[in-house]
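What follows is a short report on a single structure.
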Number of protein chains: 2
Amino acid sequence: MTAPTLRKTRSTGRPTLDAVAELAGVSSITASRVLRGVDSVGPEYVRRVKAAAAELNYVANPAARALASSRSGTVAVVIPSLSNSVFVDVLESIHSVLRPRGYEILIGNSHYSRNAEEDLIRHYLAAPPSGLIVTGFDRTESARRLIEASGVPCVHIMELEKAEGVHCVGFSQARAGEAVADHLVARGCRHNAFVAAQLDSRMMQRGEGFREALRRKGLYDADLEILTPAPSSIGLGCDLFRQLLQRRPDVDGIFFGNDDLAQGALFEARRQGIQVPDQVAIVGFNDLAGAADCVPRLTTVRTPRAEVGRVASNLLLSMIDNKPVPSPVVDLGYELVVRESA
Amino acid sequence: MTAPTLRKTRSTGRPTLDAVAELAGVSSITASRVLRGVDSVGPEYVRRVKAAAAELNYVANPAARALASSRSGTVAVVIPSLSNSVFVDVLESIHSVLRPRGYEILIGNSHYSRNAEEDLIRHYLAAPPSGLIVTGFDRTESARRLIEASGVPCVHIMELEKAEGVHCVGFSQARAGEAVADHLVARGCRHNAFVAAQLDSRMMQRGEGFREALRRKGLYDADLEILTPAPSSIGLGCDLFRQLLQRRPDVDGIFFGNDDLAQGALFEARRQGIQVPDQVAIVGFNDLAGAADCVPRLTTVRTPRAEVGRVASNLLLSMIDNKPVPSPVVDLGYELVVRESA
DNA sequence: CTGAAAGCGCTTACAG
DNA sequence: CTGAAAGCGCTTACAG
């Protein structure tokens with residue numbers, strides 16, 4: 001009977017915790033404690049372990065750590081799109097706070113499909129991650145239950161909803177839509193259209209806010225809506241603008257549910273010799289790249305993407321660490337940016 | 001002395017392999033084989049294990065699998081930006097082939113920083129992933145060595161470079177730049193400018209190709225270049241166009257190293273009443289969203305982002321599986337798309 | 001403040 | 001084709 005040989009390097013050739021401990025002359029659990037920042041270790045040991053780790057260029061094996069601690073050190077973020085730069089901005093911001101805290105971010109793109117989102121959530125929850133960030137509230141009942149049953153801390157972003165145990169960071173899409181209607185009416189537009197693509201739930205909420213505000217003023221005209229589930233794009237904006245003007249030449253104000261549609265409309269207006277905003281005022285949504293520079297410069301609603309990512313990440317960190325959270329729903333607001341197009 | 005109790009559920013409450021094996025009436029290793037698709041298992045056992053796994057809704061613990069097999073099931077992709085939709089397109093395409101094959105994709109954004117990229121590569125290689133996809137060849141010597149020393153299969157994308165043991169999928173940035181110069185000269189432009197931002201190595205290669213082609217025709221004028229390391233954007237395109245025209249009102253052809261700059265220039269031209277292409281022809285690069293729809297429609301170079309992602313992923317899969325690769329360098333080409341602006 | 005033992009949930013050789 | 005044993009590299013209680 002030979003004593004089992006303790007390996008000091010992994011199959012990959014990288015040093016193990018045991019190698020660090022041996023070099024530092026401590027037990028591996030003490031080395032583990034130092035490397036994890038647990039404070040109940042003597043200062044001399046701390047020094048020696050840190051030196052040994054540095055010398056060996058030690059990096060912990062994430063798989064072993066995850067298996068032993070049953071904590072993954074991972075945060076899964078599920079968004080509906082990467083083509084829509086709104087979500088790229090949110091992601092960047094999430095990265096900037098979670099990365100320095102040692103979390104690996106897993107990005108799941110549902111492509112605006114509820115079923116794809118459910119699959120992603122099921123996939124991630126099998127791991128399971130330390131935390132979860134999901135977009136909005138429109139999902140399958142199964143996905144909802146999976147999240148709840150998992151017990152994994154979860155923050156919903158971009159929309160607001162008050163419900164037991166639900167944490168969210170965003171703004172009121174409906175009120176943003178109202179603000180657009182108010183602006184258009186205030187500048188004298190009487191025939192206001194809502195043009196939207198993709199038709200995800202946030203888009204519909206903006207539309208509903210817009211609609212409601214017009215209704216209250218007695219200016220709502222259902223015939224002045226163009227909705228299509230096709231993906232939002234500049235090219236589609238050109239098409240929809242053309243369609244709308246053909247059908248209703250009397251339109252004098254248009255709310256496009258996303259800036260790319262509005263920018264397309266601006267191009268098409270120019271091609272057709274239609275004056276913006278004199279003949280028809282145009283408002284976009286999100287204040288995406290180019291909105292401030294196009295001709296005419298686009299009036300739009302600036303949405304707080306970076307703040308959403310940052311605040312949601314910090315909220316999630318508190319939840320992961322079982323710290324008290326100031327408020328489970330955080331309204332970050334929006335800002336109507338009036339430029340030249342309306 | 002009591003026999004050790006085998007747990008059949010994890011701390012998370014999810015079933016373990018042992019639970020599946022028990023339910024199926026086989027050993028856990030046989031269950032493991034079935035679930036991994038190893039074929040040397042009797043058909044009856046396969047059926048029973050699959051049924052048991054389905055019944056328990058079993059999903060393997062990735063950490064345990066990674067630790068035991070020392071394979072992570074992970075592919076790390078390091079790109080310089082998510083704001084530049086070029087890389088979003090590549091990522092989407094990588095996801096679409098690697099996801100169905102069971103790989104988790106880790107996205108590292110270097111923000112065009114060599115040091116940040118080195119940190120990311122060091123971080124990922126500590127794991128280490130089953131494969132690595134990195135952008136281009138411009139990196140620190142340490143990063144280069146880390147990759148080589150790791151032995152992790154690695155594919156370089158977007159640029160081409162023939163070197164021992166190097167695998168890459170992309171196109172010749174320099175030749176694409178030449179093609180733009182040829183086009184501009186062919187349409188009669190005599191004073192051709194190169195305007196670029198960000199100044200990453202691919203941008204510079206395009207510039208060099210453009211420059212060389214002009215030189216050969218005796219039309220190169222160094223004063224007609226504006227280079228700035230600032231991030232590329234539509235707004236910056238407006239500024240640079242204004243600067244250029246102020247300094248050199250005789251310019252009659254401009255190659256913008258990225259479409260967003262060119263789109264900005266188009267807006268600024270309109271504001272200043274400058275006719276495009278009659279007074280000055282404008283060519284962009286990448287054929288990004290909006291290029292086909294702006295006014296005038298943008299002449300640009302379409303780059304094969306989706307193909308790069310797809311081909312690179314398949315190449316990487318072959319390398320991971322130790323299958324022969326047809327060619328270590330794959331040139332996917334580019335396409336000059338002539339529209340209205342030049 | 002420090003450590004020996006056990007175990008996280010899989011897969012890898014090695015037998016048969 | 002199937003399985004018992006050992007081990008992947010950490011961390012979790014539990015002692016002291």
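Lettering follows sequence order; numbering is per chain, from 1. This one's a predicted model, so the numbers in the text were calculated from it and none came from an experiment.
Here dT11(D) presents its C1' atom at 10 Å from CG of Leu67(A), a figure rounded to the nearest Å. In this entry the distance linking CZ of Arg33(A) with C1' of dT12(D) reads 10 Å, nearest Å. In this structure, the CG atom of Asp18(B) is 13 Å from the P atom of dG3(D), given to the nearest Å. For the pair Leu35(B) CG and dT11(C) P, the interatomic distance rounds to 8 Å; values are reported in whole Å. If you measure from atom CD1 of Ile29(A) to atom C1' of dC8(C), you get 14 Å, rounded to the nearest angstrom. As rounded to whole Å, 9 Å separates atom P of dT12(D) from atom CZ of Arg65(A). For the pair Leu17(B) CG and dG7(C) C1', the computed distance is 16 Å after rounding to whole Å. In this structure, Asn61(A) atom CG and dG9(D) atom P are separated by 7 Å, rounded to whole Å.
One finds a side-chain N or O of Arg71(B) lying less than 4.0 angstrom from the OP1 or OP2 phosphate oxygen of dT12(C). Taking 4.0 angstrom as the limit, Ser27(A) places a side-chain polar atom (N or O) nearer than this to OP1 or OP2 of dG3(C). For Ser32(B), no side-chain nitrogen or oxygen approaches OP1 or OP2 of dC10(C) to under 4.0 Å. In this model, the phosphate group of dT2(C) is not approached by any side-chain N or O of Arg48(A) to a distance below 4.0 Å at OP1 or OP2. Under 4.0 angstrom from either OP1 or OP2 of dG3(C) there lies at least one side-chain N or O belonging to Thr30(A). Applying the 4.0 Å criterion to OP1 and OP2 of dC10(D), one finds that Tyr58(A) has a side-chain N or O inside that range.
Nucleic acid contact class of Ser69(A) (heavy atoms, under 4.0 Å, all strands): sugar-phosphate only.
Distance from the side chain of Ala64(B) is smallest to dC10(C) among dG3(D), dG9(D), dC10(C). Nearest nucleotide to the side chain of Thr16(B), out of dT11(C), dT2(C), dC10(C): dC10(C). The side chain of Val41(B) approaches dT2(D) more closely than any other nucleotide in the set dG9(D), dT12(C), dT2(D).
No more than 12 heavy atoms of other residues, nucleotides or ligands sit less than 6.0 Å from atom CZ of Arg71(A). Arg36(B) CZ: more than 12 foreign heavy atoms inside a 6.0 Å radius.
For the pair Thr74(A) and Tyr103(A), the tightest heavy-atom approach, listed with the atom from each and the gap, is N-CD2, 3.9 Å. Contact between His95(A) and Ile107(B) at its shortest, heavy atoms only, is NE2-O, 4.0 Å.
Base pairing of dA4(C) is not made with any nucleotide, judged by Watson-Crick or G-U wobble geometry with both donor-acceptor distances under 3.5 Å.
Under the side chain to side chain contact (heavy atoms under 4.5 Å, CB included) rule, Ile157(A) has a single partner from Leu316(A), Val308(A), Val134(A), which is Val308(A).
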